[in-house]
Amino acid sequence: MTSNAAHEGSGAGEGVRPGRLLGRPAVFPARRGASAMPYVKNLWYAAGWSADLEPNALLSRRIVGEGLVFFRQRNGTAVALENRCAHRFAPLDMGCVVDAGLRCGYHGLIFGPDGTCVHNPQGPVPRSARVRSFPVAEQNGLIWVWMGDPDRADRTPLPDYSFLDAAKPTARITGYMHTRSNYEIMYDNIMDLSHIDFLHTTTLGSGSIAKVTPRVHAGDGDEIVIRWRSDGQKAAPVYDPYLPEPGGRVDQTLEVRWRAPGLMLLVNSLQPEGHGEDAQLVSTNVHLVTPETETTTHYFYGGIRNFNEDDAKMNAQRAKAIEAAFRDEDKPMVEAVQANMGHETDILALKPVLLPSDAGAVQARRTIRRLLAQESAALA
Amino acid sequence: MTSNAAHEGSGAGEGVRPGRLLGRPAVFPARRGASAMPYVKNLWYAAGWSADLEPNALLSRRIVGEGLVFFRQRNGTAVALENRCAHRFAPLDMGCVVDAGLRCGYHGLIFGPDGTCVHNPQGPVPRSARVRSFPVAEQNGLIWVWMGDPDRADRTPLPDYSFLDAAKPTARITGYMHTRSNYEIMYDNIMDLSHIDFLHTTTLGSGSIAKVTPRVHAGDGDEIVIRWRSDGQKAAPVYDPYLPEPGGRVDQTLEVRWRAPGLMLLVNSLQPEGHGEDAQLVSTNVHLVTPETETTTHYFYGGIRNFNEDDAKMNAQRAKAIEAAFRDEDKPMVEAVQANMGHETDILALKPVLLPSDAGAVQARRTIRRLLAQESAALA
Amino acid sequence: MTSNAAHEGSGAGEGVRPGRLLGRPAVFPARRGASAMPYVKNLWYAAGWSADLEPNALLSRRIVGEGLVFFRQRNGTAVALENRCAHRFAPLDMGCVVDAGLRCGYHGLIFGPDGTCVHNPQGPVPRSARVRSFPVAEQNGLIWVWMGDPDRADRTPLPDYSFLDAAKPTARITGYMHTRSNYEIMYDNIMDLSHIDFLHTTTLGSGSIAKVTPRVHAGDGDEIVIRWRSDGQKAAPVYDPYLPEPGGRVDQTLEVRWRAPGLMLLVNSLQPEGHGEDAQLVSTNVHLVTPETETTTHYFYGGIRNFNEDDAKMNAQRAKAIEAAFRDEDKPMVEAVQANMGHETDILALKPVLLPSDAGAVQARRTIRRLLAQESAALA
């Protein structure tokens with residue numbers, strides 16, 4: 001496991017640079033938490049929505065502590081390079097896209113998609129002039145990056161989120177949120193949905209979930225499945241207006257399927273009482289959590305629904321409401337939790353009281369620890 | 001002495017939260033100064049003015065490094081709990097007051113006034129679900145908190161500031177200021193009043209104090225008394241207009257009585273020359289200093305006067321002038337002093353030159369060191 | 001070498017204080033980089049432009065990690081004292097200039113130009129009441145400070161920049177910029193001018209420099225000389241309008257002469273093709289780099305030209321264009337480079353790829369290392 005000390009810890013959400021004229025905050029290594037541990041490397045990490053990486057743009061994004069720059073080759077293929085020129089350590093996202101790759105904005109070295117320097121304005125290219133490149137894949141509107149052994153990337157399938165492609169644009173939303181918390185705290189947020197009755201009372205909460213003890217079981221491969229079932233309850237505000245009879249009772253199933261490194265599929269089915277299956281409201285969502293640093297996290301979310309699929313206005317309102325709930329309710333909470341943990345990143349090391357709804361996220365942490373141990377053993 | 005590492009170091013003044021929708025800055029442990037020492041625990045610390053803790057409000061305040069949340073029970077009794085839910089470490093000040101106590105805003109656990117969890121929406125309350133609670137007392141318009149052995153709290157009387165209660169509201173002012181300095185630097189500020197002639201020339205300074213060598217002697221118990229006496233001098237701008245003959249000469253006594261952990265009573269008496277005792281102007285003030293962290297301090301001040309007691313307008317002006325002097329003159333100075341000390345918190349460790357006016361504050365530091373040694377010995 | 005730990009790391013540009021009413025940010029020591037090294041002390045450091053130190057003003061400026069306050073005695077002589085009162089560590093720049101020297105704003109001690117306390121309002125001056133004073137010299141419109149052995153200051157001549165004095169004010173510009181980067185990164189910026197073709201394409205760049213391999217040779221004393229020569233190229237936008245035939249070709253020489261601790265003289269000569277020597281455009285500039293802390297730097301620049309010397313409007317535009325290029329193009333880049341280096345301050349310790357244009361800056365670093373070793377040896 002290489003040390004990433006010199007790369008870690010922006011703490012600031014990074015995005016498409018609006019231009020190189022703006023000042024940049026100093027980026028220093030994050031202090032290691034007391035129970036700090038390396039990241040699992042040989043897995044695909046969600047790096048962004050395809051739509052967010054435009055031609056000719058340079059997207060700077062730190063992933064598992066490594067500063068990367070993403071861009072598209074002229075043929076549209078996404079590329080991820082180390083965001084640090086091999087020469088004077090200029091961030092490559094301050095340069096520009098050229099036919100041959102990415103040109104550094106300081107002294108004009110050009111790096112190709114594989115990280116090799118292909119042009120030096122001053123003369124011959126030094127043999128050692130190269131930056132790290134990282135395998136990138138693009139599928140279902142998402143860009144994925146591989147931070148481990150490149151040879152293993154080809155053999156590892158991406159998660160299949162083709163339902164996102166299949167949905168009408170007016171029935172699909174996507175979003176991004178940066179949080180100042182360890183990524184595992186985001187597991188807790190999405191895998192323990194009992195919080196929606198308290199943190200999201202006016203939007204996502206129905207008052208029915210916290211009372212239900214979820215069932216947790218192993219799914220396919222390393223998957224962890226958590227399922228809440230409630231019968232004869234009122235629907236949450238984001239669903240109620242779309243019921244055949246608003247204000248009526250529903251039987252509800254909420255299911256979260258987690259897989260490493262932090263890919264969560266959430267399906268919410270509401271079956272209105274006294275109606276057939278064709279009245280069922282279903283919302284299918286991805287919640288993808290990617291460590292930026294040990295104490296900051298990228299969170300990509302997206303979802304489709306099977307009702308009012310052509311209602312563009314309702315879709316926009318729904319996107320806005322969900323964004324507001326995440327930004328104004330979840331983000332302050334997970335960041336306050338991290339703040340209350342100080343430099344620690346592993347909440348279990350601080351001996352919290354565990355409730356039944358924590359079972360899923362505890363198992364997810366165990367899976368991560370097991371994968372880390374496997375990677376360590378493979379290196380030994 | 002428990003380690004407070006995970007709790008220390010907000011560095012930001014905290015107050016009644018306006019709502020949970022706002023972002024919270026990351027709170028990380030303050031780095032220990034080179035001569036860092038624990039705090040005296042078995043003493044009452046001023047935690048706030050009673051009026052600042054309204055019913056149904058949650059007041060987050062860090063005291064001697066520990067993150068606390070204050071609230072009032074339905075019967076009005078003030079309570080202080082650890083500001084960190086036992087479950088997922090949500091700050092409890094992001095919750096709300098309910099009949100049974102305080103409900104966490106993340107997953108709905110309710111904690112009673114003694115810190116015990118009394119309700120879990122998901123089912124039985126786990127036996128270990130509790131947060132620390134801290135003895136709280138309220139007297140003379142002040143809220144006090146006990147950070148040490150709870151059994152000793154009952155046996156320790158609060159300081160008697162009943163003069164604050166007895167005063168007419170139009171003859172009383174109270175205030176709060178947060179400083180980015182170690183609390184002992186605030187001792188220096190209040191116990192060495194020679195600074196008023198240089199730092200507060202247009203408000204509190206009369207030009208007569210710096211020339212006087214104060215007398216320092218032991219008072220009741222651990223009290224340290226410092227007294228300045230000057231005869232036939234002009235009065236400071238905040239007193240002069242209220243003399244029988246403005247611009248005239250006064251005999252002045254300034255007396256500060258310090259006691260641990262940082263409770264200072266300041267009495268200022270001005271006797272106009274050629275007038276009887278009934279012309280004496282007297283101002284009686286408390287200056288209460290409570291460590292937030294090693295490098296940040298809560299400062300509560302309040303006072304009454306025996307002149308123009310019914311003049312509400314003058315009282316408001318006086319409050320504003322004092323607030324301005326503290327905020328614009330003392331606060332920048334004490335914070336600059338701390339900045340000049342770097343991570344060090346004990347100025348004596350940096351070998352300053354001492355002047356006669358420092359005698360009181362040096363003795364106060366000795367008292368604190370003795371009390372710390374006593375507490376350490378009692379634990380050994 | 002004394003430890004400067006308690007002084008280092010403002011990280012903020014400091015200047016003439018607009019008044020003591022403003023809050024001051026906390027100043028804590030910068031964390032030492034992995035390859036941290038002390039500074040060369042026995043050399044003159046540029047501390048500011050003479051014009052920036054007005055009578056009665058107090059200029060706070062940190063130099064090689066030491067917090068200094070500059071002011072002028074009544075006779076105009078510039079003085080530099082430790083910016084920390086010997087008594088309560090108040091920053092002396094929060095005081096005021098008086099006839100006898102500088103009066104502390106907290107308790108009124110007055111320090112003379114040699115740092116000795118000459119007045120204590122409370123009575124006799126304690127013998128130990130003194131602050132460090134630093135030799136200061138003023139020449140060619142620049143203030144210089146000596147951070148090492150005072151006895152050696154007198155024997156060390158200042159650099160001769162009399163050309164600055166000789167120039168018409170309408171043919172001269174001066175400026176200051178603060179950067180959040182180690183000072184050696186500023187060497188790279190000025191000694192490797194190949195960057196102007198990429199970072200300053202619309203202002204200073206002509207597209208002709210990056211292609212030229214500079215010649216590097218030793219100059220007088222420890223001087224390092226780097227020279228670029230290009231023939232028959234277009235002139236940069238800041239020169240082109242002043243050619244006898246704008247848009248025409250020029251033979252250009254760019255020469256940088258570096259000497260410790262970071263004094264760079266840059267001469268740019270453009271000889272229009274088909275014209276005699278009297279048509280030559282020459283710009284002569286100083287670029288003076290002074291460490292503030294290990295990761296922040298003061299940068300003073302100034303220059304004169306031999307063309308359009310009476311054009312005040314053009315001079316102002318030129319000053320503005322140069323300031324904009326430095327602030328909007330160089331500063332973001334050097335700060336991003338430092339950020340990409342994390343806490344490291346020596347880029348060579350991170351094994352960058354070196355290009356031909358780096359030769360000068362690498363030699364400058366070697367000179368600094370040799371001077372440091374000499375100073376260490378002299379102390380041993």
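For B:Val334, the part lying under 4.5 angstrom from a heavy atom of chain C is the side chain only.
Under the 3.5 Å distance criterion, with hydrogens and angles disregarded, a donor-acceptor pair is assigned to the side chains of C:Tyr106 and B:Asn189. Of the N and O atoms on the side chains of B:Ser194 and C:Gln122, at least one donor lies less than 3.5 Å from an acceptor on the other residue.
Note that NE2 of C:His87 and OG of B:Ser357 are 5.0 Å apart. Values are rounded to the nearest 0.5 Å. Between the CE atom in B:Met333 and the SG atom in C:Cys104 there is a gap of 5.5 Å [rounded to 0.5 Å].
Listed options B:Thr213, B:Asp188, B:Ile185 were ranked by heavy-atom pairs under 4.5 angstrom with chain C; first place goes to B:Asp188.
Taking a 6.0 Å sphere around CZ of B:Arg229, one finds it holds more than 12 heavy atoms contributed by other residues, nucleotides or ligands.
Between B:Phe198 and C:Arg103, the closest side-chain pair of non-hydrogen atoms falls below 4.5 Å. When side chains are defined from C-beta on, B:Pro332 counts as touching C:Met94, because their heavy atoms get closer than 4.5 Å. Two residues are said to be in side-chain contact when any heavy atoms from C-beta on lie closer than 4.5 Å; B:Leu355 and C:Pro126 meet this criterion.
The pair C:Arg88-B:Asp358 counts as a salt bridge, with a side-chain nitrogen and a carboxylate oxygen less than 4.0 angstrom apart.
In terms of modelled atom types and a separation under 3.5 Å, the side chain of B:Asp197 and the main chain of C:Gly108 share no donor-acceptor contact.
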